[in-house]
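Take a look at the structure below.
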Amino acid sequence: QVQLVESGGGLVQAGGSLRLSCAASGRTFSGAAMGWFRQAPGKERELVATSGGSGSTYVVDSVKGRFTISRDVVKNMVYLQMNSLKPEDTGIYYCAARTTGVYSLNEERYPYWGQGTLVTVSS
């Protein structure tokens with residue numbers, strides 16, 4: 001049974017930092033794409049950052065220069081380092097994984113999802 005479990009969310013002031021972690025179990029994702037999505041209140045879920053099995057990464061423009069996605073393939077984990085947080089970064093952050101190594105910008109290409117972790121950025 002595949003599980004993705006996020007942690008590291010919380011309340012932070014604008015300008016602060018948080019590091020989200022996602023622990024995968026049930027299978028190895030070392031060669032698969034994994035990513036982070038978020039859903040702000042009243043909005044649809046959107047991609048934040050994703051990483052392919054080869055180590056390639058993609059970060060959306062709204063967080064570029066502030067957020068970094070990284071992975072520890074030995075530990076079967078993916079991280080999202082978030083710096084210079086803004087109130088508009090508030091939302092539930094989800095970890096997701098594919099079964100192939102090519103990352104996708106389309107959430108429908110990710111069959112595995114975590115339950116999410118809440119990030120709240122106060123102004």
Side-chain angles (χ1 to χ4, degrees):
Q1 179 183 358
V2 174
Q3 277 193 315
L4 301 178
V5 180
E6 304 95 336
S7 62
L11 174 63
V12 64
Q13 287 189 331
S17 298
L18 283 175
R19 187 193 193 208
L20 304 184
S21 300
C22 173
S25 61
R27 60 160 285 174
T28 179
F29 288 99
S30 60
M34 297 185 75
W36 290 94
F37 292 76
R38 70 183 178 189
Q39 186 166 22
K43 295 187 177 181
E44 293 187 352
R45 190 161 57 188
E46 63 177 0
L47 174 70
V48 177
T50 184
S51 171
S54 64
S56 58
T57 61
Y58 175 88
V59 180
V60 296
D61 287 345
S62 60
V63 305
K64 196 169 291 182
R66 300 188 296 121
F67 291 12
T68 303
I69 185 171
S70 62
R71 300 175 62 165
D72 186 327
V73 296
V74 174
K75 294 182 178 179
N76 218 18
M77 296 191 68
V78 62
Y79 307 96
L80 185 68
Q81 178 66 44
M82 306 186 295
N83 299 327
S84 302
L85 282 160
K86 304 176 181 181
E88 51 264 43
D89 295 318
T90 293
I92 300 174
Y93 283 69
Y94 298 90
C95 173
R98 299 197 69 194
T99 56
T100 66
V102 180
Y103 69 68
S104 174
L105 308 187
N106 184 348
E107 66 172 67
E108 295 182 0
R109 302 289 186 180
Y110 294 78
Y112 301 112
W113 290 83
Q115 293 299 306
T117 186
L118 178 63
V119 171
T120 304
V121 184
S122 64
S123 57

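Hydrogens, waters and symmetry mates play no part in the numbers below; they use all other heavy atoms, side chains included. Computed from a prediction, not measured in an experiment: that's the story for all the values here.
- At a threshold of 4.5 Å between non-hydrogen side-chain atoms, the residues Ser104 and Arg98 count as touching.
- In terms of heavy-atom proximity, Tyr103 sits nearest to Gly52 at CD2-N, 3.7 Å.
- Every side-chain contact (heavy atoms from CB on, under 4.5 Å) that Ser7 has, sequence neighbours left out, goes to Ser21.
- The side-chain contact (heavy atoms from CB on, under 4.5 Å) search around Thr57 returns Ser51, Ile69, not counting sequence neighbours.
- Phe29 and Met77 are members of different hydrophobic clusters when ILVMFWY side chains are connected at heavy-atom separations under 4.5 Å.
- Closest approach of Pro111 and Ala97 over heavy atoms only: CD-O, 3.1 Å.
- For residues 4-27, no pair satisfies salt bridge (Lys or Arg N to Asp or Glu O under 4.0 Å), with sequence neighbours left out.
- Under a hydrophobic-cluster definition in which Ile, Leu, Val, Met, Phe, Trp and Tyr are linked whenever side-chain heavy atoms come within less than 4.5 Å, directly or via other members, Leu80 and Tyr112 are assigned to the same cluster.
- For residues 20-95, every residue pair satisfying the disulfide bond (SG atoms under 2.5 Å apart) rule, not counting sequence neighbours, is listed here: Cys22-Cys95.
- Sorted by first then second residue, the side chain to side chain donor-acceptor pair (under 3.5 Å) pairs that include residues 113-123, not counting sequence neighbours, number zero.
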May I have the step-by-step check of side-chain contact (heavy atoms from CB on, under 4.5 Å) for Leu85 and Leu18, ending in yes or no? CA-CA 8 Å; Leu85 282 160; Leu18 283 175; 4.1 Å; yes
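- Taking each heavy atom of Ser84 and Arg66 in turn, the nearest pair found is O-NH1, 2.9 Å.
- Applying the salt bridge (Lys or Arg N to Asp or Glu O under 4.0 Å) test to every pair with at least one member in residues 68-80, sequence neighbours left out, gives no pairs at all.
- Here Val102 sits alone; no ILVMFWY side chain lies under 4.5 Å from its own, so it joins no hydrophobic cluster.
- With sequence neighbours excluded, the residues forming a side-chain contact (heavy atoms from CB on, under 4.5 Å) with Ala14 are Pro87, Val121, listed by chain and number.
- The stretch residues 111-121 participates, sequence neighbours left out, in no salt bridge (Lys or Arg N to Asp or Glu O under 4.0 Å) pair at all.
- Taking Ser25 as the reference, Gln3 meet the side-chain contact (heavy atoms from CB on, under 4.5 Å) condition, with sequence neighbours excluded.
- Residues Val78 and Val60 are members of one and the same hydrophobic cluster, defined by side-chain heavy-atom contacts under 4.5 angstrom among Ile, Leu, Val, Met, Phe, Trp and Tyr.
- Contacts of Lys64 classified as salt bridge (Lys or Arg N to Asp or Glu O under 4.0 Å), with partners at least two apart in sequence or in another chain: Asp61.
- Note: the hydrophobic cluster containing Leu4 does not contain Val73 (ILVMFWY, side chain heavy atoms under 4.5 Å, direct or indirect links).
- Of the inter-residue distances, the one linking Thr68 atom OG1 with Asn83 atom CG reads 6.5 Å to the nearest 0.5 angstrom.
- Taking hydrophobic clusters as Ile, Leu, Val, Met, Phe, Trp and Tyr residues chained together by side-chain heavy-atom distances below 4.5 Å, Leu105 shares a cluster with Phe67.
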For a quick test of your reading: what N or O donor-acceptor pairs under 3.5 Å do the side chains of residues 36-50 make, sequence neighbours left out?
residue : atom : partner : partner atom : Å
Trp36   : NE1  : Tyr79   : O            : 3.4
Arg38   : NE   : Glu46   : OE2          : 2.8
Arg38   : NH1  : Asp89   : OD1          : 2.9
Arg38   : NH1  : Tyr93   : OH           : 2.9
Arg38   : NH2  : Glu46   : OE2          : 3.3
Gln39   : NE2  : Lys43   : O            : 3.0
Arg45   : NH2  : Glu107  : OE2          : 3.1
Thr50   : OG1  : Met34   : O            : 3.3
Thr50   : OG1  : Tyr110  : OH           : 2.8

